[in-house]
2 protein chains.
Amino acid sequence: MPQIPRPSARRLSLYLREVQLRLRDGAKRVSSKQLGEALGLADTQVRKDLHWCGPFGGSGVGYDAETLRDRLRSVMGLSRTWNVVLVGAGNIGRALVGYGRFESEGFRIVGIFDKSKSLVGRRLAGTTIRALADLPRIVEEHDARIGIIAVPRESSQEVADILVKAGVRGILNFAPARIDTGGVPVTNVDFSVALEQVAFEVTMSGARGEQP
Amino acid sequence: MPQIPRPSARRLSLYLREVQLRLRDGAKRVSSKQLGEALGLADTQVRKDLHWCGPFGGSGVGYDAETLRDRLRSVMGLSRTWNVVLVGAGNIGRALVGYGRFESEGFRIVGIFDKSKSLVGRRLAGTTIRALADLPRIVEEHDARIGIIAVPRESSQEVADILVKAGVRGILNFAPARIDTGGVPVTNVDFSVALEQVAFEVTMSGARGEQP
């Protein structure tokens, strides 16, 4: 697989989401212009990024939507099922489990863990919440490559250490803290960053004179 | 305010987060190289983006961390307080309210709304959950410019319509659906996209030969 630069990598994920939405709406083809408009990018940028998915034939006619989706999924490693362990059965953990779309997108939560003794043993969406001590065994049994950190900031580094030691290869981190993983890739979802982004967009749209 | 391209805008938010983390760790200065390394970007890109925050004096010595933070906050419109309304008191809504860092970052949740009759009237983190019918009045009273959508996919467009009609200027959307807002800027937080990003990073790090 070629070395895809991280910013392009991030955008491929967004293209995939957009193509899936359009397919659901009944679209057969999708153009770089449409993708660019939906995501606020120049269509030249979109075409450049989509080169990572191989040649697509003549320009000007757009991409066949199903082909584009399949190639994006393949390049992104999504044509397989990923086993995932989730640490933290609080609000975020429950929101993730209740999200209900992971399974259809190739992600299977094979273990839910919490350090709270009052939660261990309870069931969450059909899965028993386990103690953290069980995590290494479950990761190994299911060859879980991805770990989700949905614990408070204070516990996030400790949980990251446990996940890395157990052998996960990538981490999705919801704790608002920088975690050290010794090279294991981390994707952060930070609600404050997201809210700041909205504030920024409002500020900029004010500057553009859109609405008073 | 100058027109900052959206990809740079997104990165300014990440630089701000990184600078704040470093300040908390006691750093006095931060360089474009450090920021680039932390975020997986070339330092030329970092310097280019930070030009939007005005001139910073000699290169090679890094930025004064506090000055950089303040300028980033100012450019991003974060030196004021933003009043925010939250729609949806389910798991995501509760996770957001329990997040506990918004207030210190200039965001104040002035109303929580839910369509469920069993939730309306209950209290969540000291705020009474209200019916959606009260939303326009609260938005107006508090001049709330930002709305958060934390409802299931099926209700997301309906809620977006109510928010836009009430006059919010920006939306943070947690529902896994594309919403139409007639030009009001939307920032999406999609858990599947985040998880796909992790899978992608794992796939790529495997391709780079980092760990078997």
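Chain identifiers are assigned alphabetically (A, B, ...) following the order of the sequence lines, protein sequences preceding nucleic acid strands; residue numbering begins at 1 within each chain. Just so you know, these numbers use all the heavy atoms, side chains as well, and skip hydrogens, waters and symmetry mates.
- Of the two parts of A/L195, the backbone and the side chain both hold a non-hydrogen atom closer than 4.5 Å to a non-hydrogen atom of chain B.
- The salt bridge (charged side-chain N to carboxylate O under 4.0 Å, His left out) search around B/E140 returns none, not counting sequence neighbours.
- Interface remark: A/N188 contributes no atoms to any contact with chain B (heavy atom separation under 4.5 Å).
- Residue B/R169 is tested with A/V198, A/T203, A/V202 for a side-chain contact (heavy atoms from CB on, under 4.5 Å); the sole match is A/V202.
- If you measure heavy-atom distances from B/R80 to chain A, you find no contacts under 4.5 Å at all.
- Taking B/K115 as the reference, B/E158 meet the salt bridge (charged side-chain N to carboxylate O under 4.0 Å, His left out) condition, with sequence neighbours excluded.
- Side-chain contact of A/S192 with B/E105: a donor-acceptor pair under 3.5 Å is present, judged by distance alone.
- Interface summary for chain B: among A/I146, A/N91, A/V186, the most heavy-atom pairs under 4.5 angstrom belong to A/N91.
- If you take CZ on A/R94 and CZ on B/R94, they are separated by 6.5 Å, rounding to the nearest 0.5 Å.
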Counting only pairs under 3.5 Å, give me each side-chain donor-acceptor contact of residues 34-43 of chain A, with atom names and distances, residues two or more places apart or in other chains.
from, atom 1, to, atom 2, distance (Å)
A/Q34, OE1, A/S31, N, 2.9
A/E37, OE2, A/K33, NZ, 3.3

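- Pairing each heavy atom of B/T187 with each of A/A194, the nearest pair is CG2-O, 4.1 Å.
- Put simply, of A/R11, A/E18, A/R145, the one with the most heavy-atom pairs under 4.5 Å next to chain B is A/E18.
- Within residues 173-181 of chain B, the residues having any heavy atom under 4.5 Å from a heavy atom of chain A are, by residue number, B/F174, B/P176, B/R178.
- The part of A/F107 that comes within reach of chain B is its side chain, from C-beta onward, which places non-hydrogen atoms under 4.5 angstrom from that chain.
- Contacts between A/R153 and chain B at a heavy-atom distance below 4.5 Å involve the side chain alone, from C-beta outward.
- Counting heavy-atom pairs closer than 4.5 Å to chain B, the top residue among A/L16, A/L172, A/V189, A/I171 is A/L172.
- Heavy atoms of B/I92 lying under 4.5 Å from chain A belong to its backbone as well as its side chain.
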